[in-house]
Amino acid sequence: IEIKLLLKSYMIGAGKQIVFLFTLHEKHTEKLRVTLHSQSNCLELQTLLNNLPNAMSCVQVREMMTRRVDYLDEIPRMPDFLLALRPHTVWEKTPIKLFCTVQGNPRPLVQWYKAGVPIYPPNTPGKYKIESKYGVHSLEELTTLFNYQRISLIHASKLEVGLFDRFPVTFGVEGESATLVCSMVVVPDLPNLPPIAQWYRDDKLLTPSKLVEMSVGGGKARLTLPHLAKDDEGLYTLRIFTKDGTSDHSAYLFVSDAAPTTAGAPGAPMSVKVYDVGSDYVLVAWKPPNTVNEAPITGYFVDRCEAGSDTWVQCNDAPVKVCKYPAHGLHVGRTYYFRVRAVNKAGISRPSRKSDKVIALDDAERLRLEGTKEGKYRIHTAGDVGHVTIPGEPTDVHVSEIFKSYVVLSWTPPSRRGRAPLWYIIEKVSGTGAWRRINTAVKLHSPRYPVFDLQDGQKYQFRVYSVNANGSSEASAPSEPVQKVDEDGVPSAPTHVVATRNTKTSVFVQWEASKEQKSLMGYYIDARVVGAKEWFACNNKPFKHTRFVAHGLIQGETYVFRVQAVNVFGLSEESQESSPVSVQPALAIPSAPYGITMLSSDGSSITLAWKSPKHSGGSRINAYYIDQRDVNDTVWTEVNLAAVTERVCTVDNLTEGNYYEFRVQAGNLVGVGLPSDPSPPLKCEAWTMEEPGPAYDLRFSEVRSHSLVILWKAPVYTGASSVTGYFVDMAKKGSSEFVTLNQETVNRRYLQVTGLEEGETYVFRVRAVNAKGVGKPSELSDPVCARPLPGTKEIVAGVDEETGDIFLSLEACEVSEMSEFVWSKNYKTIGDCPRVSVSTKGRTSRLTFTNPDKDDLGRYSVFVTDTDGVSSSYTLTEDTLNTMLELSYAIRHPVVPLKHGLNYEVLEKGHVRFWVQAEKLSSSVSYRFIFNDKEVKSGEGYKISHDVATGIIQMTVDNFTRASEGTYTVQIHDGKAKTQSSLVLVGDVFKAALKEAEFQRREHIRKQGPHFSEYLDFTVTEDCTVLLTCKVANVKKETTFQWYKDDEEIVPETPPNVMSGACGLPVPLVPAASYCASASDLVLQCTPEGIRLQCYMKYYTEEMKTIWKHKESKIASSERMRIGGAAEMAWMQICDPTDREKGLYSIEISDGVKTHVRSFDLSGQDRGRVLGGLPDVATIMEDKSLSLTCTVGGEPTPEVTWLKNEQEVESNEHTRVTFDGGKFSSLVINQVTPDDSGKYSINVRNKYGGEFVEITVSVYRHGEQIPEPKLGQAKMATPVVTPAKGTLSVAANVDVLI
């Protein structure tokens, strides 16, 4: 055993406290100490050390340490008062000090009480003082009242507090709220004694207010910011006072800009402060916002608001360009708030958070007025001022601030001012000019004033007068000459920006400060993903140091950074970009492995397994080292000199029956990490049970809100027979009630668990089963919370658009530098398999199938190593594979999509154009035309061209003859895509095309000479003369016009004007007799309304004398008998004809000389009719069948059409329409539903007419009351007995209810 001796001495005055600390050089050996108190000096101490036996053995030292520890440290004792409190009698207002001495092991905690109420010194500053030294506790009350009550003992602030579940780095948005919570364990946990908790922002103590809410209790310290602004951004620290001092935790809160009211407007300014407060003047200062992608800020508007009002008044008419503004024109004694808005070319920002309230009083007035508790003022006067009538002159007139847009003038008020109200008058002069007054509009009460209207390049002097009701003082001494500053005062840009790895979501950025700082406010840090154009802000409040941690980054992404300095004049130029840095944890040694478990033992060896470290240290773990020791021994012995790469190891050469402890260390590129905690004592004895040993290495995949997949490895010890399956048990964290998830064993080593509660934490265990029974359960899994990682994505199946490869792809929400994508099929790792290939680029991994078929069906999963469990799975089904195979074939054998296939059109001159139009063509398209298996090239008689914009490819045949008959084909190649289209021109199709081509050819030849451009037409003039007209083009002097009627030439009375091309021939009025004589016989026409009798003639108008008769009786036009006509026809419509409309019909047409008669006999015709069998209303219960049957008649046999809501009913499985023997028509609806309700109708019609009958069908649901019949219907028909299968047959003209 190696013993290390440490000697420490602490000198306190002349006395010496000597501490000998003997510590074994082993982690798990108790640290022993012996404390001796001696009243010796330094020489005596040295002598004692020199006389220490050099030959003292390690065993003697160890025995001495053990005895001392047993006596001092290991004996527990209850708290006990060695010296209790005693009564005291003191004078009123006299301090009192109480003492007591307490002992106990472990050390007791003390709390003082007064009248049963805990004494808490921070709540009553200056009243109590509590001390504790060497077990002696004291309470001193500094101010004692006469009603002093009994005080009980316990120490107030010496609580034992442990912090856990600390608040992380937090991100918020302006206007929202944020809460920082830290959980803690308090011992003892007294409900009336919470720990002392203090909150800091950037090392500044926070106090409760409307904007900051604090609470401590219930095991939590909480800070709430109910209305975030960028002023709240910073490093927040929670400080808890404990018995050993303080316990701190810090984390950054970032607050980003709220969405601007105008796109492109800047963010709001922040940190609005008010300085230099006077009676009518204040100086407002603020910090500028960060402008990352917005336009530069051109200025600021300052607003003020009086306390008690919601009205904000803008202080400056034009934007001020610096982050300071002297606001004047205030009213003396009133309270104001201020806020600032930034302006750029896009618009105005949101307003900043308002400043603290400020009262408009100058310093002299504040000294004169002293506030009292009652809210009144006590007036102080200095000296005898009662005889002063006119005030003295101001002194020390000078310019306190100089900016590009204004200067601030300051002076000292006069010492002699009198009791009358005082104000000031300011004058200025430039060069040798006259003095001019500045403040003419208002009385100035403050000894400061901003001057704006100064000319560039000129120097000015100022002087001030004091004025009261009695008069004005002499002018003050002039100030020194001053002029406006025109320089741009922004600081220089920072330099040497360096970014280095920090954590998996943050990067450490440092830089060199600006050389010209000029009242530097801090720095803004921006970041950009490599390859992206947009920058984003890392902080939104100026950061004062030159080292910054940029949080909220994406693991595995690569970023560059830049920095800008900020001062009152604005932002500096951007620094140069840093070198790219990948977001990865900084390299370190790995954490300790854990979960050591025994898998089997044969009496001389033990097989162990353990879990990998939770933190790899930023480098891949490539080695494990195992140590062992007997439980009765204190020395660890190395098991393996060579590194073990797997998390399973068999330790040999053990003694049967002995108990052993084991520990494991992990190693990576940096080094070997800390050892794990020792395993529980494991007995080396041969396992002989028939059941299998424990499964091990339980891990999780695809953790989602309500499901996860648990995986494990098979037991090393299988028992008397092989393992046949597994049971999986689950319990909520902290519960011992396990539920078996599978009622039957699963023979695979994974299980998908569903039905989880989102946000709940679970633990699992696995039990292996063989023919002899259920084996011992595995070690409990790590707790797992049913919540997916932020940004989790699932596997996507797709087809590569370029190659047509079928693939599965996953984009990980986080990766590290060492991450690997491990693909599995049915949760068996896919190694070097010729059927698939894996490729990874950045955060995306793709599994590509080489030649996919049915053997590739199954469940594929991927797990990303060195992450917080990024994983996903996808089940490839046969339907999905077939769909992707079709798409893959289309991509690998692409086809040029066509809008129109090969077509033709005949052009002028008889040319024929063959054309095809594609959806899209590239400029590299190639094509060819083939006619009767022979390629046609552009040349004599053929013109071939294409247009990329329209996608048209065309070939024009100049001479289309009989030899052009055959098959035309166009073949197109565009990149990898190709297609062809053919057109067969043979037989009648070709003859029609040839005829059209020849016609167009003749037309072209015809149009070479005179030809008709407008063919013959006619118009009727007012005198009823018909004028025949036409137009002729391409006329010549020798052209002549000739008119013909029935091949007989007509010579017009007036010769036409040949050169005009217009030709007309008037035709005199034709007698009416010729039209009447042309009337045809009456013709019968069936219409939807009934029957129409029509008489055709050359010309007909309603003014012509026509008489319609039925059986020699004249017919007048009515709703049933409608009489009308058209340009060449007279007609009569018989609506809904019945047997009464049978008989002889005739029409008499008179031309004034003779009457022409045409007749038609309707006696023997038999129109289509519904003879009976249909009800008016049918009501039926759902799920039954409805049959509507009727008898129809008519000669010839009518056509029958069934309609629903005026739409024709199609015959299908649900609705069947039949028409038997030309007499019986049925509509059968199987298993009616409420959707079948509606208005049904049957239309029976032949050439002599028809009939239309309507039926209303109503379907009601099970359990509903039968609808009451409507008025005018049968009250309640007797329910019809339905057929066995629930069919309602309707064959009576009554209402039917069932």
- Steps toward salt bridge (Lys or Arg N to Asp or Glu O under 4.0 Å) verdict (Asp805, Arg846): CA-CA 11 Å; Asp805 292 335; Arg846 175 181 286 191; over 6 Å; no
Could you tell me which non-hydrogen atom of [X] sits nearest to which non-hydrogen atom of [Y], and how far apart they are?
{"X": "Ser819", "Y": "Val864", "answer": "CB-CG1, 3.8 Å"}
{"X": "Val862", "Y": "Leu810", "answer": "CG1-CD2, 3.2 Å"}
{"X": "His900", "Y": "Trp915", "answer": "CB-CZ3, 3.7 Å"}
{"X": "Ser591", "Y": "Ala666", "answer": "O-CB, 4.4 Å"}
{"X": "Ile891", "Y": "Thr803", "answer": "CG2-C, 4.2 Å"}
{"X": "Arg562", "Y": "Val292", "answer": "NH2-O, 3.6 Å"}

Do [X] and [Y] have their ring centres less than 6.0 Å from each other?
{"X": "Phe931", "Y": "Phe914", "value": "no"}
{"X": "Phe508", "Y": "Phe561", "value": "no"}
{"X": "Phe764", "Y": "Phe700", "value": "yes"}

Test your reading of the model: is there a side-chain donor-acceptor pair from [X] to the backbone of [Y], 3.5 Å cut-off?
{"X": "Thr724", "Y": "Val769", "answer": "yes"}
{"X": "Thr558", "Y": "Pro580", "answer": "no"}
{"X": "Asn1212", "Y": "His1214", "answer": "yes"}
{"X": "Ser981", "Y": "Gly901", "answer": "no"}
{"X": "Tyr827", "Y": "Leu751", "answer": "no"}
{"X": "Ser964", "Y": "Thr961", "answer": "yes"}
{"X": "Gln917", "Y": "Thr950", "answer": "yes"}
{"X": "Arg859", "Y": "Thr875", "answer": "no"}
{"X": "His706", "Y": "Leu756", "answer": "yes"}
{"X": "Thr170", "Y": "Pro168", "answer": "yes"}

- Test side-chain hydrogen bond (donor to acceptor under 3.5 Å, both in side chains), reference Arg835, set Asp853, Asn851, Asp855, output is Asp853
- Item | Chi angles and distances behind the side chain to side chain contact (heavy atoms under 4.5 Å, CB included) call for Ile710, Met730 | CA-CA 11 Å; Ile710 180 172; Met730 178 184 74; over 6 Å; no
- Test Asp782 against Lys611 for salt bridge (Lys or Arg N to Asp or Glu O under 4.0 Å), laying out the working first. CA-CA 10 Å; Asp782 291 336; Lys611 296 179 181 180; 3.1 Å; yes
- Candidate pair Phe960 and Leu907, rule side chain to side chain contact (heavy atoms under 4.5 Å, CB included), full reasoning: CA-CA 11 Å; Phe960 193 75; Leu907 308 176; over 6 Å; no
Residue pair [X] / [Y], side-chain donor-acceptor N/O under 3.5 Å:
{"X": "Gln555", "Y": "Thr505", "value": "no"}
{"X": "Gln954", "Y": "Arg913", "value": "yes"}
{"X": "Ser872", "Y": "Glu794", "value": "yes"}
{"X": "Thr880", "Y": "Thr883", "value": "no"}
{"X": "Trp823", "Y": "Ser845", "value": "yes"}
{"X": "Tyr726", "Y": "Arg749", "value": "no"}

First locate atom [atom1] of [X], then atom [atom2] of [Y], and finally report the distance between them rounded to the nearest 0.5 Å.
{"X": "Arg647", "Y": "Tyr696", "atom1": "CZ", "atom2": "OH", "answer": "8.5 Å"}
{"X": "Glu965", "Y": "Leu994", "atom1": "CD", "atom2": "CG", "answer": "9.0 Å"}
{"X": "Leu711", "Y": "Phe863", "atom1": "CG", "atom2": "CZ", "answer": "9.5 Å"}
{"X": "Thr645", "Y": "Ile621", "atom1": "OG1", "atom2": "CD1", "answer": "12.0 Å"}
{"X": "Thr754", "Y": "Leu708", "atom1": "OG1", "atom2": "CG", "answer": "9.5 Å"}
{"X": "Arg704", "Y": "Arg787", "atom1": "CZ", "atom2": "CZ", "answer": "14.0 Å"}

- Query: Can you name the residues that form a ring-ring contact (aromatic ring centres under 6.0 Å, His included) with Phe536, not counting sequence neighbours?
  - Reply: none
- Message: Is it the case that atom CD in Glu940 sees more than 12 heavy atoms from other parts of the structure closer than 6.0 Å?
- Response: no
- Query: How about Glu801: does its CD atom have over 12 heavy atoms from other parts shown lying under 6.0 Å from it?
  - Reply: no
- Query: Step by step, would you call Trp610 with Tyr624 a ring-ring contact (aromatic ring centres under 6.0 Å, His included)?
  - Reply: CA-CA 10 Å; Trp610 58 90; Tyr624 290 99; 5.6 Å; yes
- Arg528 charged N/C atom sitting above Trp535 aromatic ring, 6.0 Å / 45°: yes
- Message: Please determine whether side chain to side chain contact (heavy atoms under 4.5 Å, CB included) holds for the pair Ile972 and Val916, giving the CA-CA distance in whole Å, both sets of side-chain angles, and the decisive distance to 0.1 Å.
- Response: CA-CA 10 Å; Ile972 306 172; Val916 64; 4.2 Å; yes
- Item | Name of the residue among Leu876, Leu885, Leu881 meeting side chain to side chain contact (heavy atoms under 4.5 Å, CB included) with Phe849 | Leu876
